Undergrad: 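Right, I'll just put the structure down here and ask away after.
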Amino acid sequence: MSVFDELVGQEDAIAEIKRAASAARLVVAQSDDDAHTSSDMNLVNASAMSHAWLFTGPPGSGRSWAARTFAAALLCSGEELGCGVCAGCRAVLANNHPDVEIVSTDVVTISADEVRSYVTNSYLAPSSGKWRVFIIEDADRMLSRTTNVLLKAIEEPAPRTVWMLCTAAIADVLPTIRSRCRNVNLVTPDAHDVAQLLVNRDGVEPEAALVAARAAQSHIGVARALATDPEAGMLRKNTLEALLSVRGVGDAVVAAQRLLDEEAMHGRDSSAGGKKKSTKNSADDADAAEQEKLMDALGLDSKGRIPASVRSQLTTDKDNAKRRKTRRQRDMLDRELIYMQSFFRDVLVIQLESGTDLVNSDYEESIRRRAADTNAEQTIAKIDALNLARERLNSNVAPLLAMEAALISVR
């Protein structure tokens, strides 16, 4: 089984990766024979290989996976590049290869200090393979000062070091970075290809796989979650039901509050004494539990005096927990808005009689009713309103206000 098997619908990208990996293998063979390791990268730059790559494409197209398959192909020891069975390929795909480091974040941005540590490591020689690879997922989450830290390493890379940046569009990174990277652009795969991947890899029933692939709009990660994770399915179901429940301003306010309730939206409602805990109380309880867990790990009494030597660490961990919570909430709300946009996309498909497959085929009856009650111009205005809400959330507008405004606009 090749490492490229799960990179569905990306024939051009696969061909580019294979050309580069083949050139890299040839350069390694020549340099090993001639012992000219200092000129490795010059030889590589003259071929199909480069020391810096930028993987772009729409969300869910497989940017990060493409970077990992490239890393596997570079470190593959099998006769066929990216064979998927050798020790190098298996280690890369399992995220435990010593020469492959992945830069990712569960908070809003990637810090300069974090990237600086990877830059330092990039000048170390590979420990077990022929190349040292650094993959930066969501490169658009790097602030300008973070990108400047990376710039020096890309301008003057160490021999046998490769940087791979992943983001949605070339414009998401600074010109000084993208001008030094070779771009591999991925496309949105066909829903049938994504469904077949779910069938082959995860054992999902073909019909359910196709529904999930269409509902996810060919986003591979979301499609897999919808097909295999009940909570992901509940988020979509509750989002569309909240949208359909809005008839007036009052309904919009109630629906917006529900859309912000992470526990309820994922079907994790918990009752105690007949009363449901509020979202705020649940979040406070979770934060308190995490803080107490950290105190126990440090051997401290949560009710006692905190030594000054660890006070700053606790403060930093508390701030990071808040950032993770913000990122988690933004990602959930953005996904909800995408589901709502897909609903009105389907309404527009019916109104324009385009004959295109519906994304939400399991809500066809509701879609046709809404299409009959409105016109295409109104539907386009609703899609624009939801897109504006997504932009507002990324601009730090209060989530409740952004969601209320969006739902009032599409009522």
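Since this is a predicted model, take the numbers as computed values, not measurements.
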Undergrad: Are Val347 and Gln378 packed together at the side-chain level, in the sense that at least one heavy-atom pair is separated by less than 4.5 angstrom?
TA: no
Undergrad: According to the interplanar angle, ranging from 0 to 90°, do the rings of Trp53 and Phe70 count as parallel (below 30°), tilted (30 to 60°) or perpendicular (above 60°)?
TA: perpendicular
Undergrad: Does the side chain of Asp99 reach to within under 4.5 Å of the side chain of Val133, using non-hydrogen atoms?
TA: no
Undergrad: Kindly indicate, with the supporting measurements, whether the criterion salt bridge (Lys or Arg N to Asp or Glu O under 4.0 Å) is fulfilled by Arg19 and Glu16.
TA: CA-CA 5 Å; Arg19 280 196 298 269; Glu16 179 73 11; 2.5 Å; yes
Undergrad: So, Arg132 versus Asn121: side-chain donor-acceptor pair below 3.5 Å or not?
TA: no
Undergrad: With Asp384, which residues qualify under side chain to side chain donor-acceptor pair (under 3.5 Å), at least two apart?
TA: none
Undergrad: Quick one: CZ on Arg335 to CG on Leu333, what's the gap to the nearest 0.5 Å?
TA: 12.0 Å
Undergrad: Taking the side chain as everything from C-beta on, heavy atoms only, tell me whether Glu262 gets closer than 4.5 Å to Gln329.
TA: no
Undergrad: Is the closest side-chain heavy-atom distance between Arg370 and Phe344 below 4.5 Å?
TA: yes
Undergrad: Keeping the roles fixed (side chain from Thr69, backbone from Val3), state whether a donor-acceptor pair exists under 3.5 Å.
TA: no
Undergrad: Between atom CZ of Arg141 and atom OG of Ser104, what is the distance when rounded to the nearest 0.5 Å?
TA: 11.0 Å
Undergrad: Quick check for you: to the nearest 0.5 Å, what is the distance between Asp113 atom CG and Tyr118 atom OH?
TA: 12.5 Å
Undergrad: For Val8 and Trp65, run side-chain contact (heavy atoms from CB on, under 4.5 Å): C-alpha distance rounded to whole Å, both residues' side-chain angles, the deciding distance at 0.1 Å, then the answer.
TA: CA-CA 10 Å; Val8 295; Trp65 187 255; over 6 Å; no
Undergrad: Leu358 versus Tyr363: any side-chain heavy-atom pair under 4.5 Å?
TA: no
Undergrad: Kindly indicate whether the side chain of Leu210, heavy atoms from C-beta on, has any atom under 4.5 Å from the side chain of Arg214.
TA: yes
Undergrad: Take Leu244 and Phe343 through the side-chain contact (heavy atoms from CB on, under 4.5 Å) test and state the conclusion after the steps.
TA: CA-CA 10 Å; Leu244 294 171; Phe343 179 87; 3.6 Å; yes
Undergrad: Surrounding CD of Glu391 (heavy atoms of other residues, nucleotides or ligands, distance under 6.0 Å), is the total greater than 12?
TA: yes
Undergrad: Quickly, which of Glu101, Glu6, Glu137 forms a salt bridge (charged side-chain N to carboxylate O under 4.0 Å, His left out) with Arg68? Name it, please.
TA: Glu137
Undergrad: Ignoring hydrogens and angles, tell me if any N or O in the side chain of Asp190 forms a donor-acceptor pair with the backbone of His192 under 3.5 Å.
TA: yes
Undergrad: Looking at residues at least two apart in the chain, or sitting in another chain, which of them share a side-chain contact (heavy atoms from CB on, under 4.5 Å) with Glu11?
TA: none
Undergrad: Please lay out, stage by stage, how Leu259 and Leu407 fare under the test side-chain contact (heavy atoms from CB on, under 4.5 Å).
TA: CA-CA 10 Å; Leu259 289 170; Leu407 290 174; 3.7 Å; yes
Undergrad: So, taking the atom named CG in Leu74 and the one named SG in Cys89, what distance separates them when rounded to the nearest 0.5 Å?
TA: 10.0 Å
Undergrad: Are any non-hydrogen side-chain atoms of Ser342 and Asn360 less than 4.5 angstrom apart?
TA: yes
Undergrad: I'd like to check Thr147 versus Val173 (side-chain heavy atoms, cut-off strictly below 4.5 Å). Are they in contact?
TA: no
Undergrad: What is the distance from atom CZ of Arg224 to atom CZ of Arg201, rounded to the nearest 0.5 Å?
TA: 4.0 Å
Undergrad: Will you find, in the side chains of Gln351 and Thr374, an N or O donor that is under 3.5 Å from an N or O acceptor?
TA: yes
Undergrad: Quick one: pull up CG in Leu243 and CG in Leu386 and give me the separation to the nearest 0.5 Å.
TA: 7.5 Å
